[in-house]
A.B. asks: 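Got a structure here, written out as structure tokens. Questions coming.
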Amino acid sequence: MTSLLTTLFENQQSAYRHQPYASLEERKQRLSRLEAMLNKYADSFAEAIAEDFGCRSINETRLLELFPSLSGIRHAKKHLKKWMKPEKRSVALAFQPAKARVIYQPLGVVGVIVPWNYPLFLAIGPMTSALAAGNHVMVKMSESTPIFGDKFAQAVKEFFPGELITIVNGQVEVAEQFTRLAFDHLLFTGSTGVGKKVMAAAAENLTPITLELGGKSPTILDRNIDLEKAVQRIIIAKLFNAGQTCVAPDYVLVPDDLLEPFIKEAKKAALSYYPDWQNKDYSSIIDGRQYQRQKDLVEELAQKQVRLEPMLSGEDDDTGRKILPRMAINPPVDLHAMEQEIFGPLLPVIPYSHLQDAINWVNNRERPLALYFFSKNKKHINNMLQQTHAGGVSINECVLHVVQENLPFGGIGPSGMGHYHGRDGFVNFSKGKGVFYQSKINGAFLLTPPFKGFTKKLLKWLLKFA
């Protein structure tokens with residue numbers, strides 16, 4: 001496989017060198033083909049993803065994967081002309097009337113490593129940004145979604161030549177070989193642990209990387225909120241895809257006097273969304289290993305006699321790999337559910353006395369990919385935004401900052417590095433090349449050796465205005 005990957009990569013390199021700067025029309029045509037592919041195979045892709053999961057609602061895939069994918073493509077097509085236009089930059093007085101510009105140049109061949117939880121959106125999003133920037137793209141699909149991976153590869157092959165977009169499927173060893181290719185940029189979406197390995201492999205070639213990782217994204221409730229509405233938004237964001245979402249609320253910090261009302265409202269909200277949670281609307285856990293991990297988290301909590309509040313009635317479904325959504329009330333901080341990203345329907349709920357206590361709780365832990373704050377108090381909102389770090393934030397909402405194409409998406413520290421989506425994605429996959437245009441009339445010749453007389457006086461004058 002190594003030689004095949006190398007050949008595919010070299011073919012893309014050669015094609016890029018043959019045409020290193022795709023025109024606006026060529027880029028828009030590529031994005032239009034990507035859009036056409038999604039429109040043609042939308043249902044087929046959703047069915048394949050459902051088959052890989054065992055159970056995932058086709059409508060959920062339409063909402064959470066197809067809609068943001070198509071929205072991102074259309075946004076890029078609409079704004080691409082403006083993005084590609086060279087940016088004017090000012091020139092210092094001493095160098096005028098020269099001019100300065102920043103030209104955004106394609107990087108070359110971009111590698112994308114796709115996770116299993118949203119395999120369509122997290123392939124199309126980076127591809128959209130990379131194609132808008134004029135690059136060629138190689139995409140490694142997740143080994144945990146092989147049915148979708150095969151279908152996606154066939155569809156891409158139908159719409160694009162391999163030297164422009166290549167889809168790679170295969171097991172973990174293929175992914176390891178993929179990361180060792182000398183890409184001009186590599187984007188990885190996945191766990192923090194694997195992200196460290198990807199970063200180390202990329203360092204061998206000094207490959208620039210974007211890491212979209214995860215972490216424990218907190219949700220914080222203020223006392224002045226409409227509790228029912230806030231809980232509705234938190235619970236659906238948690239239970240979409242059975243919690244297998246990198247920006248899902250990982251735990252909730254609740255004012256101590258709202259703890260019991262929160263639990264009551266959470267159960268009511270969950271029941272309204274999933275009156276029959278074992279049906280096709282509620283997702284399965286992707287595979288047996290991940291399912292067992294979720295059960296182990298719950299079992300450890302039970303052994304430590306942590307209060308567990310099921311959001312719905314019933315038991316875990318081993319056959320269908322469906323985990324009953326539960327709340328863990330004020331669990332000890334040294335348990336796995338409080339140390340690891342949960343990535344499932346378990347929701348720790350921690351009471352606090354003062355809002356500053358909640359802020360301190362967040363700041364004493366690794367910086368998360370997302371943070372959610374529900375409040376009607378502008379001062380509290382500003383304090384939260386200024387005093388905490390997170391890759392992105394939604395106020396009085398969960399998750400929706402991710403699908404705003406004019407906002408950058410990306411983590412910070414253990415939750416990732418780099419941004420994409422919209423113009424930020426275009427910039428991320430481009431080289432912003434600074435260009436200085438010298439004027440016919442200029443004084444550069446006045447600042448050359450020998451440094452004496454007028455030249456020396458001029459230099460002293462320049463230092464005053466540097």
Side-chain angles (χ1 to χ4, degrees), residues 55-57 59-60 63-64 216-245 247-285 291 294-318 320-332 335 337-338 342-352 358 372-375 394 396-400:
C55 180
R56 193 170 102 169
S57 169
N59 288 321
E60 188 169 284
L63 175 64
L64 301 181
K216 299 185 73 63
S217 296
T219 300
I220 305 167
L221 275 62
D222 206 347
R223 282 186 165 84
N224 55 30
I225 60 171
D226 182 326
L227 184 63
E228 181 181 14
K229 289 182 179 179
V231 172
Q232 288 172 353
R233 303 311 303 154
I234 294 165
I235 295 305
I236 192 58
K238 180 64 175 180
L239 297 187
F240 269 142
N241 204 26
Q244 299 166 106
T245 305
V247 290
D250 191 274
Y251 62 91
V252 183
L253 295 167
V254 182
D256 43 19
D257 54 311
L258 293 182
L259 177 60
E260 296 305 323
F262 177 91
I263 294 170
K264 180 181 177 181
E265 291 294 340
K267 292 180 179 182
K268 186 170 76 172
L271 183 61
S272 70
Y273 296 129
Y274 300 102
D276 179 12
W277 69 275
Q278 292 181 327
N279 72 5
K280 61 183 179 180
D281 283 340
Y282 183 76
S283 294
S284 296
I285 303 299
Y291 178 76
Q294 295 299 318
K295 294 198 70 170
D296 290 345
L297 292 176
V298 174
E299 179 61 27
E300 183 185 36
L301 290 162
Q303 288 177 357
K304 296 296 183 179
Q305 298 184 328
V306 174
R307 177 185 171 189
L308 290 170
E309 290 282 352
M311 295 188 213
L312 299 166
S313 60
E315 300 292 337
D316 297 333
D317 177 8
D318 292 348
R321 297 195 310 276
K322 292 194 175 185
I323 292 284
L324 177 70
R326 299 172 174 89
M327 289 172 282
I329 311 304
N330 204 19
L335 300 187
M338 297 305 295
I342 290 172
F343 223 66
L346 177 66
L347 183 64
V349 183
I350 301 113
Y352 72 85
Y372 308 117
F373 184 44
F374 288 80
S375 177
S394 285
N396 295 319
E397 186 54 88
C398 292
V399 177
L400 291 187

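Note that the structure is predicted; figures quoted are calculated from it, not measured. In this chain, numbering begins with 1 at the start of the sequence shown.
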A.B. asks: Between Asp316 and Arg326, is there a side-chain N and carboxylate O pair less than 4.0 Å apart?
C.D. replies: yes
A.B. asks: Without swapping roles, check the side chain of Trp277 against the backbone of Ser313 for a donor-acceptor pair under 3.5 Å.
C.D. replies: yes
A.B. asks: Is any side-chain heavy atom of Glu60 less than 4.5 Å from a side-chain heavy atom of Asp281?
C.D. replies: no
A.B. asks: Decide yes or no for Leu239 and Tyr273: does some side-chain heavy atom of the first lie under 4.5 Å from some side-chain heavy atom of the second?
C.D. replies: no
A.B. asks: Quick test of your reading of the model: are Asp317 and Lys322 salt-bridged, counting only N-O distances below 4.0 Å?
C.D. replies: no
A.B. asks: Counting only N and O atoms by type, is there a donor-acceptor contact under 3.5 Å from the side chain of Lys216 to the main-chain atoms of Ala337?
C.D. replies: yes
A.B. asks: How far apart are the C-alpha atoms of Asp318 and Tyr291, what are their side-chain angles, what is the distance that settles it, and do they pass the side chain to side chain donor-acceptor pair (under 3.5 Å) test?
C.D. replies: CA-CA 8 Å; Asp318 292 348; Tyr291 178 76; 2.4 Å; yes
A.B. asks: Provide the closest heavy-atom pair for Ala237 versus Ala248 in the form atom of the first, atom of the second, distance.
C.D. replies: O-CB, 3.9 Å
A.B. asks: Quick check: closest heavy atoms across Ile263 and Arg307, and the distance to 0.1 Å?
C.D. replies: CD1-NH2, 3.5 Å
A.B. asks: Going by heavy atoms in the side chains, are Pro325 and Leu347 under 4.5 Å from each other?
C.D. replies: no
A.B. asks: Quick one, Pro348 and Ile342 - any side-chain contact, counting heavy atoms below 4.5 Å?
C.D. replies: yes
A.B. asks: What is the minimum heavy-atom distance between Pro345 and Gln294, and which atoms define it?
C.D. replies: CD-OE1, 4.0 Å
A.B. asks: Is Glu299 close to Gln303 at the side-chain level, that is, under 4.5 Å between some pair of heavy atoms?
C.D. replies: yes
A.B. asks: Are the side chain of Ser284 and the backbone N or O of Gly320 linked by a donor-acceptor pair below 3.5 Å?
C.D. replies: yes
A.B. asks: From Phe343 CZ over to Leu297 CG, what is the distance, rounded to the nearest 0.5 angstrom?
C.D. replies: 13.0 Å
A.B. asks: Going through the checks in order, is the side-chain contact (heavy atoms from CB on, under 4.5 Å) test met by Asp257 and Arg223?
C.D. replies: CA-CA 9 Å; Asp257 54 311; Arg223 282 186 165 84; 2.9 Å; yes
A.B. asks: Evaluate the side-chain proximity of Leu312 to Leu271: yes if any heavy-atom separation is below 4.5 Å, no if none is.
C.D. replies: yes
A.B. asks: Could you go through Ser57 and Phe240, starting from their C-alpha distance and side-chain angles, then the distance that decides it, and tell me whether this counts as side-chain contact (heavy atoms from CB on, under 4.5 Å)?
C.D. replies: CA-CA 10 Å; Ser57 169; Phe240 269 142; over 6 Å; no
A.B. asks: Quick one, Val306 and Pro332 - any side-chain contact, counting heavy atoms below 4.5 Å?
C.D. replies: yes
A.B. asks: Looking only at heavy atoms, what is the nearest atom pair of Tyr251 and Ile350, with distance?
C.D. replies: CD1-CD1, 3.8 Å
A.B. asks: How close do Ile234 and Pro249 get, counting heavy atoms only, and between which atoms?
C.D. replies: O-CG, 4.0 Å
A.B. asks: Given side-chain contact (heavy atoms from CB on, under 4.5 Å), test Leu346 with Leu301 step by step and report yes or no.
C.D. replies: CA-CA 11 Å; Leu346 177 66; Leu301 290 162; 3.5 Å; yes
A.B. asks: Please round to the nearest 0.5 Å and tell me the distance separating atom CD of Glu228 and atom NZ of Lys264.
C.D. replies: 10.0 Å
A.B. asks: Please tell me if the side chains of Asp250 and Met338 come closer than 4.5 Å, counting only heavy atoms from C-beta onward.
C.D. replies: no
A.B. asks: Is it true that a side-chain atom of Gln278 and a backbone atom of Leu324 form a donor plus acceptor pair closer than 3.5 Å?
C.D. replies: no
A.B. asks: Kindly give the heavy-atom pair with the smallest separation between Ile323 and Tyr282, and that separation in Å.
C.D. replies: O-OH, 2.8 Å
A.B. asks: Measure the SG-CD1 distance between Cys398 and Ile235 for me, rounded to the nearest 0.5 Å.
C.D. replies: 9.0 Å
A.B. asks: Backbone N or O of Gly344 within a donor-acceptor pair of the Lys238 side chain at under 3.5 Å?
C.D. replies: yes
A.B. asks: Report the C-alpha distance between Leu227 and Phe374 in whole Å, list the side-chain angles of each, state the deciding distance to 0.1 Å, and finish with yes or no for side-chain contact (heavy atoms from CB on, under 4.5 Å).
C.D. replies: CA-CA 9 Å; Leu227 184 63; Phe374 288 80; over 6 Å; no
A.B. asks: Are the side chain of Asn241 and the backbone of Ser283 linked by a donor-acceptor contact shorter than 3.5 Å?
C.D. replies: no
A.B. asks: Mind checking the CZ-OG spacing from Arg233 to Ser394? Nearest 0.5 Å is all I need.
C.D. replies: 10.0 Å
A.B. asks: Donor-acceptor pair, distance only, cut-off 3.5 Å: does the side chain of Tyr372 make one with the backbone of Leu221?
C.D. replies: no
